[in-house]
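Note sheet for the following structure.
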Amino acid sequence: AVLSFPLLHINGVMVFDDYLGGEDPYSAHITQPKAGIDAFLMVYAGRYKYLRPLSDYQLVIQKLSE
């Protein structure tokens, strides 16, 4: 996401899949990308807006500015 965001045009859409990852609590730190995605969203706060998620496991944002 960090490498892709600068390439994304303004108003472009980025979709994160498997946001909540697997259901196994013992391997959550391995199978769930949520922590990494949340860190990306924190760093790029204000440069995107949330769009309606496609499902519970997908997160969709739209780029607003560089």
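These values consider heavy atoms only, across backbone and side chains, with no hydrogens, waters or symmetry-generated copies. Sequence positions, counted from 1, serve as the residue numbers for this chain.
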For residues K63 and L8, report the shortest heavy-atom separation together with the two atoms involved.
NZ-O, 2.8 Å

Would a 4.5 Å heavy-atom cut-off, applied to side chains only, mark M14 and Y44 as touching?
no

Could you check whether Y48 and F5 have their ring centres less than 6.0 Å apart?
no

Treating Ile, Leu, Val, Met, Phe, Trp and Tyr as nodes and any side-chain heavy-atom pair under 4.5 angstrom as an edge, say whether Y50 and Y57 lie in one connected cluster.
yes

Taking every heavy atom of G46 against every heavy atom of S65, the minimum-distance pair comes out as O-OG, 4.2 Å

Decide whether L51 and L64 are clustered together by the hydrophobic rule: side chain heavy atoms of Ile, Leu, Val, Met, Phe, Trp, Tyr closer than 4.5 Å, transitively.
no

Do V43 and V2 come close enough that some side-chain heavy atom pair is under 4.5 Å?
no

Provide the closest heavy-atom pair for A1 versus F16 in the form atom of the first, atom of the second, distance.
CB-CE2, 3.5 Å

Within this structure, what is the CD1-CZ distance for the pair I61 and R47, rounded to the nearest 0.5 Å?
11.0 Å

Distance-only, no hydrogens or angles: does the Q62 side chain make a donor-acceptor pair with backbone N or O of N11 under 3.5 Å?
yes

